[in-house]
Amino acid sequence: MKAIKDSVKNLYDKDYTEDLRRNYDEALKNSNFKDLVSHLKLNKEQLRNYTSSLERSSIEYHHCQNCKSILECKNEIEGLAYLPIVKNDALVFKYKKCKYLKKLEEENSYLKNINVIGASVYLKDAKMKDIFTNDKNRFKVISSIKQFIDDYPKDKHLKGLYVCGNFGSGKTYLLTAMLNELAKKNFKSTIIFWPDFLRELKASFQNDYNEKYELAKKTPILLIDDIGAEVITPWGRDEILCPLVQYRMEQKLPTFFTSNLNLEQLKEHLSVTRDGIDVIKASRITERIKQLTLEIEMISKNLRD
């Protein structure tokens, strides 16, 4: 009985070995496969155990040989190639970054210096050099943010801006471009999309509420985007916004705002909740914002049309 089992096993091993040899020889007919394995310091008997993985690698290796940009990437995972490495007389397959992905990651490394809280899309590609400058209504804001970029490395307690104006005029883009520029100089900041920030805080009471709020409160530079678009509640106004601007005023931390409302309109907006009208509490907040910022109204063409 043992002899029969051994014979069957030997026959199976022989067939399996023959299949490996046949599959490998067939794969060698492909010039891309042949080119790849020619660079590997293993003999044919070792290589044929990895034929299917090597075929996959040869396809991705060939793609990389002819690629001119990460936008042209044809591999399964953009910017990565599934390639073999010889280790201890065996092959190990790993994903390797292409030169274009490495360059892109290096160019975007500044993004680690900017925290974003809220569901809106962060304008990570906003650049100072791309700012639209043929509208004189934007000059004062542009001049102010350029001055801030120049002065901030020497003085970390500068006033911010309260930029108000019509929808789509580029308020957020301009201030985000400023923060991106500062991030490239390794200065840290946080952007919070105010209506979404309040919703996220309310939903995170049992999780990371304190972490998010403390980050917004103590970040070196803060951009509060779209204040005045939220539904006013006593909690959002008195327990979130008021202590936030109070702390930043006391610590003289640069704070920026964008809004469709000017400060007088914001005061009116903040004064009305379902519980009634409270002008005093609203005024307390807007007075602190005035201490923190220079108000600039920017009425410009709607760039989203």
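Residues K212 and F197 share a closest heavy-atom pair of O-CE1, 4.2 Å. Across A177 and I131, no two heavy atoms sit closer than the pair CB-CD1, 4.4 Å. Minimum interatomic distance between K102 and K97 (heavy atoms only, all atoms of both residues): CE-O, 3.8 Å. Considering every non-hydrogen atom in both E76 and E60, the closest pair reads N-OE2, 3.2 Å. The shortest non-hydrogen separation linking G228 to E230 is N-OE1, 2.7 Å. For P220 against P254, the heavy-atom pair with the smallest separation is O-CD, 3.4 Å.
Heavy-atom contacts from other residues, nucleotides or ligands closer than 6.0 Å to CD of E211 number 12 or fewer. Around the NZ atom of K188, the shell of radius 6.0 Å holds more than 12 heavy atoms that belong to other residues, nucleotides or ligands. Heavy atoms of other residues, nucleotides or ligands lying less than 6.0 angstrom from NZ of K94 number 12 at most. Heavy atoms of other residues, nucleotides or ligands lying less than 6.0 angstrom from CD of E264 number 12 at most. The number of heavy-atom neighbours closer than 6.0 Å to NZ of K127, taken from other residues, nucleotides and ligands shown, is above 12. Heavy-atom neighbours of K159 NZ from other residues, nucleotides or ligands within 6.0 Å: above the threshold of 12.
Residue V37 is grouped with residue Y82 when hydrophobic side chains (ILVMFWY) are merged at heavy-atom distances under 4.5 angstrom, including chains of intermediate members. Both I77 and L83 are assigned to one and the same hydrophobic cluster, defined by single-linkage of ILVMFWY side chains at heavy-atom distances under 4.5 Å. A continuous path of Ile, Leu, Val, Met, Phe, Trp and Tyr side chains, each step under 4.5 Å between heavy atoms, connects L215 with V245, placing both in one hydrophobic cluster. Under the 4.5 Å side-chain contact rule for hydrophobic residues, W235 and I224 share a cluster. Residues L294 and I145 are members of one and the same hydrophobic cluster, defined by side-chain heavy-atom contacts under 4.5 angstrom among Ile, Leu, Val, Met, Phe, Trp and Tyr.
Between Y50 and F93, the ring planes are tilted. Angles from 30° to 60° get that label. Ring pair Y152/F187 is perpendicular by interplanar angle, where above 60° counts as perpendicular and below 30° as parallel. Note: F257 and Y162 have tilted aromatic rings, judged against thresholds of 30 and 60 degrees for the angle between ring planes.
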Test side chain to side chain contact (heavy atoms under 4.5 Å, CB included) applied to N113 and N186, step by step: CA-CA 7 Å; N113 291 319; N186 212 32; 3.2 Å; yes
Step-by-step side chain to side chain contact (heavy atoms under 4.5 Å, CB included) determination, I117 to I191: CA-CA 6 Å; I117 309 175; I191 300 172; over 6 Å; no
Verdict with reasoning, Q147 to D151, per side-chain hydrogen bond (donor to acceptor under 3.5 Å, both in side chains): CA-CA 6 Å; Q147 192 67 51; D151 293 344; 3.0 Å; yes
Test side chain to side chain contact (heavy atoms under 4.5 Å, CB included) applied to N43 and L47, step by step: CA-CA 6 Å; N43 61 46; L47 290 170; over 6 Å; no
Pair Y61-F33, ring pair (Phe, Tyr, Trp, His ring centres under 6.0 Å): steps then yes or no: CA-CA 9 Å; Y61 178 71; F33 182 91; over 10 Å; no
Derivation of the side chain to side chain contact (heavy atoms under 4.5 Å, CB included) call for I289 and L266: CA-CA 11 Å; I289 293 175; L266 180 68; 3.9 Å; yes
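For residues 30-40, the pairs satisfying side chain to side chain donor-acceptor pair (under 3.5 Å) are N32-H62, with sequence neighbours left out.
Residue S283 holds its OG atom at 8.0 Å from NZ of K290, rounded to the nearest 0.5 Å. Atoms OG1 and OH, from T255 and Y247 in turn, are 11.0 Å apart once rounded to the nearest 0.5 Å. Summarising the geometry, atom CG belonging to L198 is positioned 8.0 Å from atom CD1 belonging to I192; distances are rounded to the nearest 0.5 Å. One finds the CD atom of Q46 at 10.5 Å from the CG atom of L40 (value rounded to the nearest 0.5 Å). For the atom pair CZ of R138 and CG of L174, the computed distance is 4.5 Å after rounding to the nearest 0.5 Å. If you take CG on L158 and CG on D155, they are separated by 4.0 Å, rounding to the nearest 0.5 Å.
In this structure, the side chain of R56 does not engage the main chain of S52 through any donor-acceptor pair within 3.5 Å. The backbone N or O of Y173 lies less than 3.5 Å from no partner atom in the side chain of T176, so there is not a single donor-acceptor pair. A distance-only check finds a donor-acceptor pair linking the side chain of Y100 to the backbone of C67 [under 3.5 Å]. At distances below 3.5 Å, not a single donor-acceptor pair connects side-chain atoms of K140 with backbone N or O atoms of N137.
With contacts defined as side-chain heavy-atom distances shorter than 4.5 Å, the pair K281/S271 does not qualify. T273 is not listed as a side-chain neighbour of T233, based on a closest heavy-atom distance of 4.5 Å or more. Side-chain atoms of D130 and D125, non-hydrogen and from C-beta on, never get closer than 4.5 Å to each other. Residues R248 and L222 are in side-chain contact: their nearest non-hydrogen atoms beyond the backbone lie under 4.5 Å apart. A heavy-atom distance below 4.5 Å is found between the side chains of L36 and S57. Counting heavy atoms from C-beta outward, F256 and V163 have side chains that stay 4.5 Å or more apart. Y110 places none of its side-chain heavy atoms less than 4.5 Å from the side chain of K185. Between N23 and R48 the shortest side-chain heavy-atom distance does not fall below 4.5 Å.
Every side chain to side chain donor-acceptor pair (under 3.5 Å) that T219 has, sequence neighbours left out, goes to T190. Legend: residues meeting side chain to side chain donor-acceptor pair (under 3.5 Å) with E250, ordered by chain and number and at least two apart, are Q246.
The pair D19-R22 meets the salt-bridge criterion, with a side-chain N (NZ, NE, NH1 or NH2) lying under 4.0 Å from an Asp/Glu carboxylate O. E26 has a carboxylate O that lies under 4.0 Å from a charged side-chain N of K29, or vice versa, which qualifies the two as a salt bridge. With salt bridges taken as basic N to acidic carboxylate O contacts below 4.0 Å, one links E214 and K218.
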